[in-house]
Amino acid sequence: MTDNKPTDYAAIIRAANQTVPEPPEWLSAGKYVYSPEYGVGEVMAVLGKRLIVKFVEEVKPTQFGDWEEAIALGSIKTSNANLVSSTTFLEENNAAITTTAEQIQQIPQVVFQSF
């Protein structure tokens, strides 16, 4: 469906000339934030003033229209959460299993290794 209104080039130029402040370091992609409403989430992207966060307990990513306003209202705060992915957990778990197997092999009596 097309819009029959003419393009407002002046509005495009005004929007392009607006400067958007840089977000703080803790709002960069991959960092974790905390929201009193949603809990802990990972920043997916900052697009201009729009902030997109994937919260752990939410199915869809949550968007904040203005990240500066969200910080001022306390909707978003820095988080020291250190979430790990399932692959990291599996790698650590496999390393622990390998270590246990090596320890069992060091038992001098073969009969006791099966216990």
Side-chain angles (χ1 to χ4, degrees):
M1 178 177 258
T2 59
D3 193 8
N4 292 332
K5 295 179 186 176
T7 304
D8 187 356
Y9 291 104
I12 294 172
I13 292 170
R14 282 191 304 273
N17 286 334
Q18 290 179 347
T19 58
V20 178
E22 280 292 313
E25 176 65 29
W26 57 271
L27 274 186
S28 35
K31 300 285 183 159
Y32 293 101
V33 295
Y34 172 75
S35 168
E37 184 176 352
Y38 300 105
V40 176
E42 181 179 357
V43 175
M44 295 180 70
V46 177
L47 306 171
K49 288 191 168 242
R50 182 171 304 281
L51 171 66
I52 304 170
V53 180
K54 174 63 178 99
F55 289 101
V56 175
E57 299 294 324
E58 298 292 318
V59 176
K60 293 182 180 179
T62 304
Q63 294 189 26
F64 296 90
D66 186 347
W67 57 264
E68 287 181 305
E69 183 179 318
I71 292 172
L73 294 174
S75 300
I76 292 291
K77 300 176 183 180
T78 183
S79 173
N80 348 358
N82 189 14
L83 303 178
V84 294
S85 66
S86 57
T87 55
T88 305
F89 179 72
L90 289 175
E91 289 170 1
E92 291 173 357
N93 206 12
N94 289 341
I97 291 170
T98 304
T99 305
T100 304
E102 291 171 354
Q103 291 173 345
I104 291 172
Q105 294 300 321
Q106 293 176 356
I107 298 174
Q109 293 83 12
V110 179
V111 175
F112 295 117
Q113 288 180 1
S114 62
F115 287 112

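Throughout, residue positions are numbered sequentially from 1 according to the sequence presented.
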(request) State the OG1-CD distance between T62 and E57, to the nearest 0.5 angstrom. (result) 11.5 Å
(message) Among residues at least two apart in sequence or on other chains, which ones pass side-chain hydrogen bond (donor to acceptor under 3.5 Å, both in side chains) with Q63?
(response) R50
(request) Check A29 against M44 and note the closest heavy-atom contact, atom names and distance. (result) CB-O, 3.6 Å
(message) Taking salt bridge (charged side-chain N to carboxylate O under 4.0 Å, His left out) as the criterion, tell me which of E68, E22, E69 meets it with K49.
(response) E68
(message) I'd like to know if K31 pairs up with E42 as an ion pair, taking the criterion as any Lys NZ or Arg NE/NH1/NH2 lying under 4.0 Å from an Asp or Glu carboxylate oxygen.
(response) no
(message) For E37, is there any backbone N or O sitting under 3.5 Å from a side-chain donor or acceptor partner on S35?
(response) yes
(message) Using a 4.5 Å cut-off between side-chain heavy atoms of Ile, Leu, Val, Met, Phe, Trp and Tyr, which other residues end up in the same hydrophobic cluster as W26?
(response) L27, V33, Y38, V43, V46, L51, V53, F55, F64, W67, I71, I76
